[in-house]
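Here's the structure we're looking at; comments come further down.
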Amino acid sequence: MYARVVAITAAAALGTVAALLSPASDARAREVRVPTVIAHRGASAYAPENTLAAIDKAAELGFSWVENDVQRTKDGELVVLHDDSLQRTTDVEEVFPGRAPWKVRDFTAAEIARLDAGSWFSPAYAGARVPTLEQYMRRVEHNHEKLLLEIKNPELYPGIEQQTLKLLGNEGWLDHRHLRRLIVQSFSADSVRIVHELKPAVTTAFLGAPTVAQLHRFARFTDLVNPSYRSLSHRYVTAVHAFDGPHGRPLGMFAWTVDDAPTAREAAGYGVDGLISNRPDVVRAALGSH
């Protein structure tokens with residue numbers, strides 16, 4: 001009974017993604033269609049990356065999918081930040097000058113909450129903060145957005161997969177309705193595997209380009225293979241689509257990071273299912289997507 005419930009829930013969880021990944025007739029005979037566009041770290045060409053302002057900007061531009069990065073503070077709070085250091089995107093050097101190299105894991109959540117995460121990008125965003133994952137999820141919910149969540153540097157944060165899933169559950173994001181709006185990804189195959197084993201209903205993605213010979217192993221625990229657009233070829237995209245993932249549907253593919261019209265059209269021509277972009281409006285205009 002448990003296995004059947006999990007299977008039913010998992011199939012439902014693919015929801016929107018499944019609609020993106022498989023044609024109505026033959027799941028293997030992929031028709032030419034416009035890829036979904038995902039706002040990378042929010043609309044990060046127009047607002048400071050991974051801030052609430054960036055996902056608000058994505059919503060303002062009309063994009064439902066946003067991508068983010070999750071790391072952990074010294075006192076165990078999950079925060080949304082790309083780098084494992086606070087140096088590039090905050091004023092940590094000024095606020096805490098004697099604490100180089102300013103690693104996220106060496107600061108408490110309260111200390112990080114003091115930092116300005118917007119002025120580096122533009123004076124218009126002075127005072128923007130590094131959001132906690134809890135704050136971030138609530139804004140995504142408020143905006144009715146969908147989330148491609150990356151577990152960043154899991155080797156630095158033992159147990160971050162369990163902790164992330166627990167927070168998502170506490171925020172209501174592991175129910176039937178929200179699972180249709182969530183994908184969890186990582187560059188770490190072990191991390192993706194852990195997420196799949198802990199919560200089989202969650203749609204997962206591996207960041208990278210496994211060899212064709214390796215794909216059968218990845219298909220046991222990941223629903224999507226998300227490579228750099230530089231790794232794309234017709235042969236590779238076709239090979240990925242030929243495998244069924246853990247939920248019995250063909251593997252999907254979101255390519256990153258595509259920011260100009262010619263690259264967007266080229267990548268779309270390979271048959272990818274989604275394009276991750278700092279400039280999602282540029283990609284949408286190039287492809288005529290909605």
Side-chain angles (χ1 to χ4, degrees), residues 39-42 44 47-56 66-123 125-140 147-171 173 182 184-195 198-199 204-208 226 256-257 276 278:
H40 186 232
R41 308 178 199 170
S44 56
E49 65 182 57
N50 276 324
T51 62
L52 301 184
I55 55 175
D56 287 348
V66 295
E67 184 266 358
N68 75 349
D69 306 279
V70 176
Q71 307 209 48
R72 189 166 67 202
T73 68
K74 182 178 181 179
D75 54 343
E77 186 81 47
L78 296 177
V79 292
V80 179
L81 196 82
H82 177 269
D83 300 359
D84 66 353
S85 170
L86 295 152
Q87 186 177 11
R88 180 175 64 87
T89 58
T90 76
D91 61 348
V92 68
E93 291 185 70
E94 289 74 36
V95 178
F96 299 104
R99 293 176 61 179
W102 300 289
K103 298 293 187 181
V104 175
R105 61 180 176 175
D106 294 333
F107 287 80
T108 66
E111 289 172 331
I112 292 175
R114 293 172 53 189
L115 303 177
D116 181 338
S119 291
W120 70 274
F121 183 87
S122 165
Y125 291 102
R129 302 301 174 190
V130 175
T132 65
L133 182 57
E134 180 180 356
Q135 292 167 338
Y136 191 96
M137 296 309 302
R138 292 181 180 182
R139 185 62 65 89
V140 170
L147 180 60
L148 179 59
L149 182 155
E150 180 182 345
I151 296 177
K152 201 74 179 178
N153 302 314
E155 67 280 0
L156 299 179
Y157 313 113
I160 191 172
E161 297 86 3
Q162 294 92 329
Q163 186 179 1
T164 300
L165 289 170
K166 181 178 180 181
L167 187 148
L168 290 172
N170 289 344
E171 292 299 309
W173 272 76
L182 175 68
V184 177
Q185 66 177 357
S186 179
F187 280 100
S188 165
D190 288 339
S191 188
V192 177
R193 186 183 296 106
I194 288 168
V195 170
L198 289 172
K199 292 291 181 182
T204 55
F206 174 71
L207 280 161
N226 294 350
W256 49 270
T257 305
I276 301 170
N278 299 312

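What you see below is based on every heavy atom in this structure, not just the backbone, and it leaves out hydrogens, waters and symmetry mates.
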Within the structure provided, determine whether [X] and [Y] are in side-chain contact (heavy-atom separation under 4.5 Å).
{"X": "V184", "Y": "T164", "result": "no"}
{"X": "I112", "Y": "V92", "result": "no"}
{"X": "V79", "Y": "V70", "result": "no"}
{"X": "V140", "Y": "W173", "result": "yes"}
{"X": "T132", "Y": "Q135", "result": "yes"}
{"X": "V192", "Y": "I194", "result": "no"}
{"X": "R105", "Y": "K74", "result": "no"}
{"X": "L207", "Y": "E150", "result": "yes"}

Practice task
Could you go through the side chain to side chain contact (heavy atoms under 4.5 Å, CB included) check for N68 and L148 one step at a time?
Solution key: CA-CA 7 Å; N68 75 349; L148 179 59; over 6 Å; no
Going by the rule side-chain hydrogen bond (donor to acceptor under 3.5 Å, both in side chains), which residues pair with [X] if we only count those two or more places apart in sequence or in a different chain?
{"X": "S85", "result": "none"}
{"X": "D75", "result": "T73"}
{"X": "Q71", "result": "N153, Y157"}
{"X": "E77", "result": "none"}

Practice task
Step through the shown structure and confirm whether more than 12 heavy atoms of other residues, nucleotides or ligands are within 6.0 Å of NZ on K199.
Solution key: no
Fill in the blank from the handout: Between the CG atom in L52 and the CZ atom in R138, the distance rounded to the nearest 0.5 Å is 12.0 Å
Exercise for the section: Hey, could you give me the CG/CG distance between L168 and L149, rounded to the nearest 0.5 Å? Expected result: 6.0 Å
Problem - Working for side chain to side chain contact (heavy atoms under 4.5 Å, CB included), residues T204 and Q185 - result: CA-CA 6 Å; T204 55; Q185 66 177 357; over 6 Å; no
Handout entry: From CA spacing to verdict: side chain to side chain contact (heavy atoms under 4.5 Å, CB included), R114, V95
Key = CA-CA 8 Å; R114 293 172 53 189; V95 178; 3.7 Å; yes
What residues, two or more places apart in sequence or in another chain, satisfy side-chain contact (heavy atoms from CB on, under 4.5 Å) together with [X]?
{"X": "A126", "result": "D116, S119"}
{"X": "R88", "result": "R41, E49, H82, D83, W120"}
{"X": "F121", "result": "P48, Y125"}

Handout entry: salt bridge (charged side-chain N to carboxylate O under 4.0 Å, His left out) contacts touching residues 160-170 (sequence neighbours left out)
Key = none
Problem - Residues forming a ring-ring contact (aromatic ring centres under 6.0 Å, His included) with Y136, sequence neighbours excluded - result: none
Exercise for the section: Kindly write out the residues that satisfy salt bridge (charged side-chain N to carboxylate O under 4.0 Å, His left out) with E111, not counting sequence neighbours, or none if the list is empty. Expected result: R99
Completion exercise
Only one of N278, T257, T51 passes side-chain hydrogen bond (donor to acceptor under 3.5 Å, both in side chains) with S44, and that residue is N278
Problem - Summary of side-chain hydrogen bond (donor to acceptor under 3.5 Å, both in side chains) pairs that have at least one residue in residues 89-98, sequence neighbours excluded - result: Q87-E93
Handout entry: ring pair (Phe, Tyr, Trp, His ring centres under 6.0 Å) contacts in which one or both residues fall within residues 83-110, not counting sequence neighbours
Key = F96-F107
Problem - Test item: R129 side-chain N/O and A117 main-chain N/O as donor-acceptor pair under 3.5 Å - result: no
Exercise for the section: Applying side chain to side chain contact (heavy atoms under 4.5 Å, CB included) between N50 and each of D69, I55, V66, report the one that passes. Expected result: D69
Practice task
Would you sort out whether D84 and K103 count as a salt bridge (Lys or Arg N to Asp or Glu O under 4.0 Å), showing the intermediate values?
Solution key: CA-CA 6 Å; D84 66 353; K103 298 293 187 181; 3.2 Å; yes
Completion exercise
What one should report as the nearest heavy-atom pair of S188 and P154 is CB-CG, 3.6 Å
Exercise for the section: Determine the minimum heavy-atom distance between L78 and L167, stating which atoms define it. Expected result: CD1-CD1, 4.3 Å
